[in-house]
Amino acid sequence: MLEAVELTKQFKQTKAVDRVNLYLEQGEIVGLLGPNGAGKSTTISMLSTLIPPSSGDVRFHQKSTLKNPAMLRNALGIVPQELALYSDLSAKENLRFFGSIHRLSGAQLQKKVEEVLALIGLTDRQNDLVKHFSGGMKRRLNIGAALLHEPKLLIMDEPTVGIDPQSRNYILETVKRLNEEKQMTVLYTSHYMEEVEFLCDRIYIMDKGCIIASGTTNEIKNILSAEHTVEIKVEKLTEPFLHALHAQPVIRHIAVQDRVITMLSPKEVNIFRLLFQLAEQTDTVLMSIEMKTPTLEDVFLHLTGRALRD
Amino acid sequence: MIGAFVKKQLLLLVRNRHEVLILLGMPLVLITILGFALGNIMDGDHAAVHAKVAFVNEGNEQQERQTFIHEIDTMNIPQEKKQLLIEAAHSIAPITVLKQDVFGDKSVKKYIRIIDVPPAQLEKVRQKDSYAVIIHVPDGFTHQMLEHLLLQKEAPPRIIFYTNEEKAWTAEMVRQIVDDFQRQYSIATALHKAGITHASANIAAHVNGKMETMTKKEPLRAVTYYTVGMSVMFALYIASNIGSYAFEEKRSHVFDRMLLANVSRWAYMAGIFLSATLLACLQLFILYGLTSVIYDITWTDIPAFFVVTLSLSLAVGGLAVLLTALNFRTNSEQASRFFQTVLVTIFSLVGGSYFPAGQLSDFISTIGTLTPNGASMNAYLKLLQGYHFSDVAHSVIYLCLFSIATLLLSIWAFPKRGNES
């Protein structure tokens with residue numbers, strides 16, 4: 001349905017997006033995962049025809065959109081990371097305006113506005129000014145504004161940033177419903193692993209402008225099939241113990257938070273014995289050792305050496 | 001769709017109390033303050049300008065007339081024509097008319113005090129700062145005037161002015177009065193040259209009558225002047241406000257939604273233009289409506305008033321689109337801010353919103369009429385003084401052309417893809 005081919009964007013000296021290739025099939029939810037500054041928003045802007053790529057192409061149903069973006073735009077709903085709303089208008093007035101620019105009018109516009117208000121759970125607050133809404137309600141309206149013209153493809157750029165868990169769940173459920181009931185194709189960007197795990201059929205992981213991994217959730221987690229995530233808690237964190245950990249070639253990606261140390265180690269290594277030895281040598285008291293199934297966060301750590309929220 | 005743009009813009013502005021206060025409340029306050037604070041200077045009922053004007057007459061009107069009559073008498077022309085010219089010469093007394101009928105008029109005397117100064121003291125008086133103007137009538141003025149008018153000899157004589165730059169306001173007023181006086185003599189000369197001897201024979205009565213009309217014209221009250229001055233000035237703020245709103249749409253990515261809805265830049269610019277035009281119209285109608293009730297400012301030629309208001313609003317609409325285009329091009333709100341803080345102030349100053357720009361210089365006055373507020377202010381003030389629409393049509397045409405020019409500039413300045421900077 002939508003395909004990015006060798007998509008590149010150069011801003012003066014900075015290459016924000018570097019030869020990105022990705023595709024979306026009809027009816028799937030695809031996640032685009034990466035830390036802040038990874039190039040997700042720039043990629044999305046190019047995919048949605050808002051900015052032209054420096055090189056590469058965006059194809060919609062095999063046709064390039066660079067010269068003629070209208071067909072893609074008609075089928076596209078976009079939920080920007082920013083609240084693209086008029087805060088001095090009510091929810092209903094906002095939706096009516098955005099419906100009007102999609103050439104909806106009269107009874108058809110009225111019906112769509114009511115439908116969308118019900119979908120995003122704002123029917124009761126439709127006449128309230130947006131500036132009086134909570135963050136979660138604004139985010140829901142931000143999504144609603146992209147749905148008025150019944151898009152076939154929805155691109156969502158971090159739609160849950162800075163909201164409460166309840167609103168976040170509501171949004172995730174709404175995206176799931178749109179996909180299941182209306183077969184809407186969704187490209188969902190986030191730096192929340194759990195959202196992407198919950199929603200997406202396939203995932204692209206982006207860092208420093210490049211796609212560094214792609215596949216289904218399981219395929220990506222299998223990148224770490226040969227490694228354990230080990231989390232240990234110590235009574236008191238000491239420099240000799242940390243030095244000793246870093247000196248072990250079988251232990252990688254050590255992250256420390258308070259008295260908790262997280263690391264990756266190969267499955268064939270007996271990590272328990274090694275940890276006890278190091279603790280004894282450095283007079284460190286181990287409080288607990290936990291072996292974990294790798295998460296996408298661990299995969300990202302494995303691939304980039306950094307946590308997603310760094 | 002453009003209707004939706006206009007409705008949205010109206011709702012946004014109406015709900016922004018701060019903006020409403022600036023666009024409607026502020027001009028009303030300023031009209032009241034300036035209208036009453038400067039009322040004593042500008043109002044005809046309260047003459048606070050008491051200018052001293054020195055009158056230096058080197059000639060002797062009576063003697064020069066007698067010399068002229070004697071010359072006629074000795075000329076070799078038919079007796080009947082001789083008699084007619086002598087009768088006409090008796091009725092022409094330009095200096096007497098100027099001093100007694102023009103400067104002696106009750107309404108002029110409220111402002112100007114004429115002091116006769118002997119010719120010998122001319123140089124001494126010129127060194128002093130106490131006089132606003134020195135009117136110097138050269139020797140033989142009356143004789144030359146009679147020869148010019150009745151015998152078609154030489155160019156018309158001129159009265160010499162020495163103006164005090166520190167009292168430009170009064171100097172300008174006196175100069176206008178005397179210029180008009182001299183113009184009437186020129187008209188009479190033209191009639192005379194066309195062979196209407198009777199008209200030239202009654203020049204004094206003619207000039208006298210015309211002068212009375214000029215000087216007795218009801219001056220505009222200060223509150224009326226500032227109603228127009230402040231209204232046209234604050235109408236300009238609509239343009240910068242709309243430009244700022246438009247940039248906010250870009251900043252918050254609302255404009256992206258419009259691009260993705262395949263809204264063309266033409267439709268977007270048309271929406272901006274119509275919104276600004278409509279808002280400026282509304283603002284002006286509200287301000288003029290309220291001031292007509294509160295300060296009893298009467299618009300006699302309502303259709304002409306509507307046309308001038310519409311043409312100013314179109315100019316504001318054009319400016320709004322231009323500022324939007326520049327904001328989008330520079331990817332900042334700088335164009336709107338610069339216009340709001342710097343250009344509106346300059347436009348108001350040279351356009352005459354604070355005081356008549358003619359007081360500063362002719363050049364500034366001319367520049368002032370090229371600003372949308374100056375051009376519309378000229379037209380409004382003339383309508384309030386009872387002029388006809390034909391007298392202000394050039395201002396209306398200018399405002400419409402200004403609007404077209406700004407729209408053309410906007411088309412050039414607006415980024416092709418809208419979201420590029």
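Proteins get letters first, then strands, A, B, ... in listed order; numbering begins at 1 in each. This structure is a prediction, so every number in the text was calculated from the model and none was measured.
Defined by atom type and a distance below 3.5 Å, a donor-acceptor pair is missing between the side-chain atoms of D88(A) and N16(B).
K8(B) has its side chain out of reach of S100(A): every pair of non-hydrogen atoms, C-beta onward, lies at least 4.5 Å apart. Using a 4.5 Å cut-off on side-chain heavy atoms (C-beta onward), H253(B) and I78(A) make no contact. Taking the side chain as every heavy atom from C-beta outward, V254(B) and L85(A) never approach each other to under 4.5 Å. Within the 4.5 Å cutoff, the side chain of M258(B) has heavy atoms near those of the F97(A) side chain. Between N142(A) and R257(B) there is a side-chain heavy-atom pair separated by less than 4.5 Å. Contact annotation: the side chain of L260(B) approaches that of T49(A) to within less than 4.5 Å [non-hydrogen atoms, C-beta and beyond]. Between L11(B) and Y86(A), every side-chain heavy-atom pair lies at or beyond the 4.5 Å cut-off.
The local environment of NZ in K111(A) is sparse, with at most 12 non-hydrogen atoms from other residues, nucleotides or ligands closer than 6.0 Å. Remark: R337(B) CZ is loosely packed, at most 12 non-hydrogen atoms of other residues, nucleotides or ligands lying under 6.0 Å away. Around CZ of R202(A), the count of heavy atoms belonging to other residues, nucleotides or ligands within 6.0 Å exceeds 12. More than 12 heavy-atom neighbours from other residues, nucleotides or ligands sit within 6.0 angstrom of CD on Q110(A).
Comparing H149(A), E93(A), R96(A) by how many heavy-atom pairs each has under 4.5 Å with chain B, the most go to E93(A).
Using a 4.5 Å cut-off between heavy atoms, E249(B) contacts chain A through its side chain alone, with no backbone atom that close. Using a 4.5 Å cut-off between heavy atoms, L72(A) does not touch chain B at all. Contact annotation for L83(A): only backbone heavy atoms (N, CA, C, O) come within less than 4.5 Å of a heavy atom of chain B. Looking at N94(A), neither its backbone nor its side chain comes within 4.5 Å of chain B, counting heavy atoms on both sides.
Between H102(A) and A261(B), the shortest heavy-atom distance links the atoms CE1-CB, 3.4 Å.
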